[in-house]
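So the structure is just underneath, and the comments pick up after that.
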There are 6 protein chains.
Amino acid sequence: MSSLCIQVINPNTTQAMTETIARAAREAASPATEIIAVSPTQGVPSIEGHADEAIAALGVLEQVKRGREQGVHGHVIACFGDPGLLAARELASGPVIGIAEAAMHMATMVATRFSVVTTLPRTLIIARHLLQQYGFTHHCAALHAIDLPVLALEDGSGLAQEKVRSRCLQAQREDGCGAIVLGCGGMATLARDLTRELGMPVIDGVGAAVKIVESLVSLGLGTSKYGDLAFPCEKKITGALQHLN
Amino acid sequence: MSSLCIQVINPNTTQAMTETIARAAREAASPATEIIAVSPTQGVPSIEGHADEAIAALGVLEQVKRGREQGVHGHVIACFGDPGLLAARELASGPVIGIAEAAMHMATMVATRFSVVTTLPRTLIIARHLLQQYGFTHHCAALHAIDLPVLALEDGSGLAQEKVRSRCLQAQREDGCGAIVLGCGGMATLARDLTRELGMPVIDGVGAAVKIVESLVSLGLGTSKYGDLAFPCEKKITGALQHLN
Amino acid sequence: MSSLCIQVINPNTTQAMTETIARAAREAASPATEIIAVSPTQGVPSIEGHADEAIAALGVLEQVKRGREQGVHGHVIACFGDPGLLAARELASGPVIGIAEAAMHMATMVATRFSVVTTLPRTLIIARHLLQQYGFTHHCAALHAIDLPVLALEDGSGLAQEKVRSRCLQAQREDGCGAIVLGCGGMATLARDLTRELGMPVIDGVGAAVKIVESLVSLGLGTSKYGDLAFPCEKKITGALQHLN
Amino acid sequence: MSSLCIQVINPNTTQAMTETIARAAREAASPATEIIAVSPTQGVPSIEGHADEAIAALGVLEQVKRGREQGVHGHVIACFGDPGLLAARELASGPVIGIAEAAMHMATMVATRFSVVTTLPRTLIIARHLLQQYGFTHHCAALHAIDLPVLALEDGSGLAQEKVRSRCLQAQREDGCGAIVLGCGGMATLARDLTRELGMPVIDGVGAAVKIVESLVSLGLGTSKYGDLAFPCEKKITGALQHLN
Amino acid sequence: MSSLCIQVINPNTTQAMTETIARAAREAASPATEIIAVSPTQGVPSIEGHADEAIAALGVLEQVKRGREQGVHGHVIACFGDPGLLAARELASGPVIGIAEAAMHMATMVATRFSVVTTLPRTLIIARHLLQQYGFTHHCAALHAIDLPVLALEDGSGLAQEKVRSRCLQAQREDGCGAIVLGCGGMATLARDLTRELGMPVIDGVGAAVKIVESLVSLGLGTSKYGDLAFPCEKKITGALQHLN
Amino acid sequence: MSSLCIQVINPNTTQAMTETIARAAREAASPATEIIAVSPTQGVPSIEGHADEAIAALGVLEQVKRGREQGVHGHVIACFGDPGLLAARELASGPVIGIAEAAMHMATMVATRFSVVTTLPRTLIIARHLLQQYGFTHHCAALHAIDLPVLALEDGSGLAQEKVRSRCLQAQREDGCGAIVLGCGGMATLARDLTRELGMPVIDGVGAAVKIVESLVSLGLGTSKYGDLAFPCEKKITGALQHLN
């Protein structure tokens, strides 16, 4: 185990996306940080709604538990809906950071208002709820969907990437925003180029979350184990999910 | 199958609580309504935090799927955190109502402000988040926890019930509220007596949710299948959760 | 008096509208429920602003008082601004439900966001204020006015109805909403057909309010008589309104 | 008619209170301003709840109509719940200002947070709703009720006045507020002495409203007759309220 | 010193704008009120962003200190961002009113929703933040920028004035607002003509602030010196700003 | 210049506090990061109100300008009110992070609700306003003041530190919070020990801000120079502040 080891969890089961995310995480991480990129052995190949999120949350918990047993120092949930975030925090003692959360927090610190560019229209409601929960509704100028499924980002054609790019340009022209948050783990590797092209911050949550975990660990801070996020009350989990015991 | 059949899902695996909930549901239901009370075959015996909720949400999805196959007309999620609510709505075509939601909505229609009495202090944050999500933060006068675990309500001693009662009386005296929402499915059968004793509405979400499902079905309304809550995008669920396919 | 008797109050004096509302109420009510549809003997023929509402509120109070004397079990205020709602609750012991309130509550339980379609643009502000008061501002995607007066719905030409229909279709296409709330008691009978045509919930508050009153009464719940909504302090009403004594 | 003539409406029928209010209004008014203090010829002797407010709103409308016919330049609604405010604005072309509104606005401009001291506990909810409607919820430190009826302020014993005073002192010590808003027209004449005794602003809405009306008139501003607050749509009012035609 | 003397501070150093502001202030003031229009001897010629505001705030403090020494009764900060408002209140004992604040408060009392028309797009965020801080976010229908720098209002060409006018007309047609707030001290003299042309309130904050100061002084109210806005803790200011000691 | 160089600005002129802050910043920084701790050559010795903040903001701008000329990569504003934050962002191209902001963001990612412990009661309002501006009002459980001036933290007696400690313990017992934010730059070195003693995160903003600047720089992100936070419009600053040109 390295001196600082972060588990980056792709909550879906698509290996290509785990690799995209791992690449973005490693690019962002400090040289001394080890990135362990994982995805659940079971679950859904992409996360495009609340039911997908509920299933993925279990995969996140399974991985957080495993990560903690391996002694990792923190965890990243690399799906823009931050599935299972508070549940994962209960299981962990180190920090657990979602990529939507990370990107949104960072955006509010480099711009007065940001826009979001995500995949399917039906995931916009998830982003809206996160904005409200995190307190950023009034910091968000607009939300956009490219209207392609998540896995279009992994089909090798570059079409989805081009749609992301043109939506970012449109948001810059029309929204009155000063930064853009990329709304999918699969867009993680686009951020640096788009930042350069647009001349304004385009933020990927994977890198942002890695840096926040590094920051918290280095400050000696982990998830609060006092009060609401204490380890779960002991109880016997039965059935298919008993590996979460 | 009866002319109106409601599936009432206890999201935990404790049979005694399923029975408490079933009793309250049947007491509330119209004579023509059939109540099918179920609980997941696997999961956690009680729900007292976010991780418990994430596990329970899967049990809810499993049961909603089964209920839909059986042809039920609507579903009740009988745990005060409304675990898996939006996910379950994606799987269902009939209405899906959580008991926290149901009780809170009803409370705002019989009083200007209500208080909540629940079990463990760590579950208060779940209620707070629901208040914000549903829009009722400013309708809530105060939140109280009796500081006993959920299953204390099923230990037969009556101690937890007595603590609920005394907290309700205290809330009535001190909070400036006009109604009280009982914050646990296991308290469902206490509502009518407490309403009588306090001379003000003490609301159980199980009964309230049953009535709202009956109402929606009778109005020809189900969960919107247009937009955000449409059936999940088709994708293959793998592993222990493949029964959700 | 039937075993459950609901007084449905059309707050304006237009008999044709009372009949439209009565029809919608009876269609929604359970077979065992008796609907008493009334309107004030004096007041305004339609309600299209705050002054109209203030006048209508008195008619509502007059009728609620009469209804209580007749022994009805609950009351519906069948105008989309819910005129006199909290005042009527003070006079009543059974539930008092407004149709805007009822439709909005129901809408939040079948969709993540809803739109409103109402009559004159100047009534939009009333809907906006209700959204804020009830806590639903963030659940509303957009508000639309067909720009015809209320009584156009009763002129027999069908023009207003057609405008409602086309605005609903437009809202469905453009707003990102999952349900539509009809913003006038005179639109009550349109909901079922529009629900079918649009393939998504189009909600009429008259039916919704009737079901909520039935639900509350059946749960043993009435308006809280403890605290803010207790019966008014005894005092002598003088002049033209002395019949409210 | 004087060069600037303000109609100050006591919405209840208690003459002693009309005189208290008139005194406070005249003390606040500029020498060139004529104050016409009126109260409805019919209605309730005090306003302590929503039903009282609904009745009083009609008296307000009746008086605003009469005032406009007399050619007054603006109107004050001198009851802390601002009953009928938006309705009255529809009837008027000059400014219409409520005393709760006036006092709250002024308070936010002389202090960062203010407290409210009012009469009966059941009227607190009215103040809460106004705070939310006007946008001042976060500017209010606390709300207090002296738990005496409104007319106790007119019984000549001075007991109510003493209770107001001691609550103001308590609020100053405990609330972290920088100003106090007096929550009843009957407290209007106490403000200057309490301001002196506490050494911080204690604000009476009657005087504040008079000054705001004077200010608006002098700026050439009246109630907007474009859009939401335009004169009511023409329609025939029937029955006891036909004098409002 | 006159019986009521108000210091109107133009926070920028452009003399022509000080004169525009002085003219508007004197037009609004009561005959007995003396207006002392000042601007800092040092600072920025116009205020079009946060850094300009920070610099201008010092000029405001310098002038408030001088005004207090001269015995003025109140102060107006005549820049639409209300720069240094709370700081100035600490230095003053009389009222200190910003023109954005004044115009927004007045707007909420003559219309249900207002729009803002200002100069450069980058100043919109300042208006947004003020709306949130004052509590008026939900009272604002829309914000517009004419996209000309502040000093274009003083170039004598009338171009900026014409752009303001056409944006006001557009806002009236499209926003669903009932009043317009002019978002720059340099627009102060346009309000009366635009009010007449549009037939709805177009509000200049300079005049509004003068009237509010007059009102507060006449009510015996000044800035609260109890709590948050008490005079600053004594401490030695060093360097270029030592004249603030 | 080091590969990553962060300017940490103590906005007051007290050298001992600059040293406390520098120590906390260096302890938090990565080995490769150079910390340049500065304070304005002129201003106030401590910041305990809005006027102090306005003066300090100028010192912040002066230092940010100098830092940019020196080629630093980012800036920290090490006073809990984040004075001059948005103004400083306009002057900078790298990130500018305030310590209140940094600590609050971090707190929301390790706990569901946090409390704040600060110095004088009059500074609480500054924290309240920041909570609202950043979106964290609902994430804050309570605010506490130890009622000692800022410089008591530098008097060597340890009394202020002991008061901070006992307030943290009280907050932990009573507030229902899961983390504590230390509300003064002078408390920066207390965080690690208190975190250990309380067994829950006690967060110092200086360290947190350093890590966020490091993170943003490493992600290739700086302050958005597009839109609201672009460099200030060119204009001549005159007088004592001309060094800001």
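Every chain is numbered from 1, with letters handed out A, B, ... down the list of sequences. The figures here come from the full heavy-atom set of this structure, side chains too, leaving out hydrogens, waters and symmetry mates.
- Atom OH of E:Tyr134 and atom CE of D:Met109 lie 10.0 Å apart (nearest 0.5 Å).
- For D:Gln172, the parts lying near chain E are the backbone and the side chain together; criterion is any non-hydrogen pair under 4.5 Å.
- Taking 4.5 Å as the heavy-atom cut-off, the residues of residues 78-88 of chain D that approach chain E are D:Leu86, ordered by number.
- At a 4.5 Å heavy-atom cutoff, D:Val210 makes no contact with chain E through either its backbone or its side chain.
- In this structure, the portion of D:Thr195 lying under 4.5 Å from any heavy atom of chain E is its side chain and not its backbone.
- Chain D forms the most heavy-atom pairs under 4.5 Å with one residue out of E:Cys177, E:Gly227, E:Ala230, E:Pro201, and that residue is E:Pro201.
- Heavy atoms from other residues, nucleotides or ligands lying under 6.0 Å from CZ of D:Arg66 number 12 at most.
- Contacts with chain D were tallied for E:Glu101, E:Arg192, E:Met106, E:Arg196; E:Arg192 has the most, counting heavy-atom pairs under 4.5 Å.
- Neither the backbone nor the side chain of D:Pro95 comes within less than 4.5 Å of any heavy atom of chain E.
- Residues of residues 211-221 of chain E that come within less than 4.5 angstrom of chain D, heavy atom to heavy atom, are E:Lys211, E:Ile212, E:Ser215, E:Leu216, E:Ser218, E:Leu219, E:Gly220, E:Leu221 in numerical order.
- Chain E forms more heavy-atom pairs under 4.5 Å with one residue of D:Arg89, D:His105, D:Met200 than with any other, namely D:His105.
- Ranking D:Asp204, D:Thr112, D:Ile203, D:Val202 against chain E, the residue ahead of the rest is D:Thr112, based on heavy-atom pairs under 4.5 Å.
- Remark: the backbone N or O of D:Gln133 is paired with a side-chain donor or acceptor of E:His139 at under 3.5 angstrom.
- With a 4.5 Å cut-off on non-hydrogen atoms, D:Ala208 touches chain E through its backbone and its side chain both.
- Close approach to chain E, defined as a heavy atom under 4.5 Å from one of its heavy atoms, is seen in no residue of residues 17-26 of chain D.
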Can you give me every donor-acceptor pair (side chain of residues 178-188 of chain D, partner residue at least two apart or in another chain, under 3.5 Å) with its distance?
none

